[in-house]
Engineer: 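First the structure, then my questions, so here it is.
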Amino acid sequence: MLFVCLGNICRSPTAEGVFRALAEREGLGDRIGVDSAGTHAYHIGNPPDRRAQAAARRRGVELGGLRARRAESEDFRQFDYVLAMDRENHADLAQRCPPGFEDRLALFLDFAPDLGRRDVPDPYYGGSDGFETVLDIVEAASRGLLAHIREHHLDR
Ligand code: 4NP
């Protein structure tokens with residue numbers, strides 16, 4: 001499971017932390033590999049944005065140990081799921097996807113159709129409200145994604 005946004009400091013590390021915590025809570029932590037990356041290189045090596053860390057910590061999820069990296073074409077060979085946070089990230093990733101691996105690429109919010117949105121909104125230039133919204137969306141989509149994984153890849 002690879003979550004991808006633009007900078008790998010706000011949305012995708014939030015998704016990585018929230019989804020990993022959910023999988024661990026449900027006893028599946030050692031069966032699902034989870035990572036995140038960014039389509040752009042601005043923040044490589046940096047920890048998640050302080051506002052993202054603070055918002056996640058209020059919900060019991062620690063992001064402080066994560067470090068930003070760039071998404072590479074090799075990631076499509078490593079991960080069964082490469083999940084873009086928005087349509088722009090999806091388009092950037094499609095250009096990096098090796099031939100034959102296209103079915104590994106999807107929008108994260110395809111796993112939460114009830115939300116009625118396709119993009120996780122970029123909180124970087126807004127206030128702290130944006131980070132709460134990201135967490136609400138990411139929590140819902142993580143539940144949908146885990147239900148999908150259970151149905152399609154696990155025997156329960
Ligand atoms: P992210 O947010 O893609 O959710 O990590 C952003 C982080 C940095 C920038 C834009 C969005 N930036 O322009 O530096």
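In this chain, residues are counted from 1 in sequence order. Just so you know, these numbers come straight off a predicted model, no measurement behind them. Just follow the structure's listing: the first ligand is 1, and inside any ligand the first atom is 1.
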Engineer: Report the C-alpha distance between Arg51 and Glu132 in whole Å, list the side-chain angles of each, state the deciding distance to 0.1 Å, and finish with yes or no for salt bridge (Lys or Arg N to Asp or Glu O under 4.0 Å).
Structural biologist: CA-CA 10 Å; Arg51 298 165 294 173; Glu132 297 300 329; over 6 Å; no
Engineer: Would you mind finding which of Asp122, Val134, Leu6 brings a heavy atom closest to atom 2 (O) of ligand 1?
Structural biologist: Asp122
Engineer: Would you say Tyr125 and ligand 1 have an N/O pair spaced under 3.5 Å apart?
Structural biologist: yes
Engineer: As an exercise, identify every atom of ligand 1 less than 4.0 angstrom from a heavy atom of Tyr42.
Structural biologist: 14 (O)
Engineer: Are more than 12 heavy atoms from other residues, nucleotides or ligands located less than 6.0 Å from atom CZ of Arg50?
Structural biologist: no
Engineer: Quick one: nearest non-hydrogen protein atom to atom 9 (C) of ligand 1, plus distance?
Structural biologist: Tyr124 CD2, 3.5 Å
Engineer: Any chance the side chains of Asp92 and Asn89 put a donor and an acceptor closer than 3.5 Å?
Structural biologist: no
Engineer: Are Arg58 and Phe131 in a cation-pi setup, meaning NZ or CZ lies under 6.0 angstrom from the ring centre and within 45 degrees of the ring axis?
Structural biologist: no
Engineer: Which is it for Arg118 and Asp86 under the salt bridge (Lys or Arg N to Asp or Glu O under 4.0 Å) test, yes or no, and what are the steps along the way?
Structural biologist: CA-CA 7 Å; Arg118 306 193 70 197; Asp86 66 28; over 6 Å; no
Engineer: Residue-level breakdown please: for Asn8 versus ligand 1, do any non-hydrogen atoms fall below 4.0 Å on the side chain, on the backbone, on both, or on neither?
Structural biologist: backbone
Engineer: Kindly say whether Thr39 contributes a backbone atom to a donor-acceptor pair with the side chain of Arg96 at under 3.5 angstrom?
Structural biologist: yes
Engineer: Taking 4.0 angstrom as the limit and counting only heavy atoms of Cys10, give me the atoms of ligand 1 inside it, by number and element.
Structural biologist: 1 (P), 2 (O), 4 (O), 5 (O)
Engineer: N/O of His43 under 3.5 Å from N/O of ligand 1, yes or no?
Structural biologist: yes
Engineer: Give yes if a backbone or side-chain nitrogen or oxygen of Cys5 is under 3.5 Å from a nitrogen or oxygen of ligand 1, and no if not.
Structural biologist: no
Engineer: Hey, would you say the Tyr81 and His148 ring centroids sit under 6.0 Å apart?
Structural biologist: yes
Engineer: If we only count N/O pairs under 3.5 Å, is Gly7 in contact with ligand 1?
Structural biologist: yes
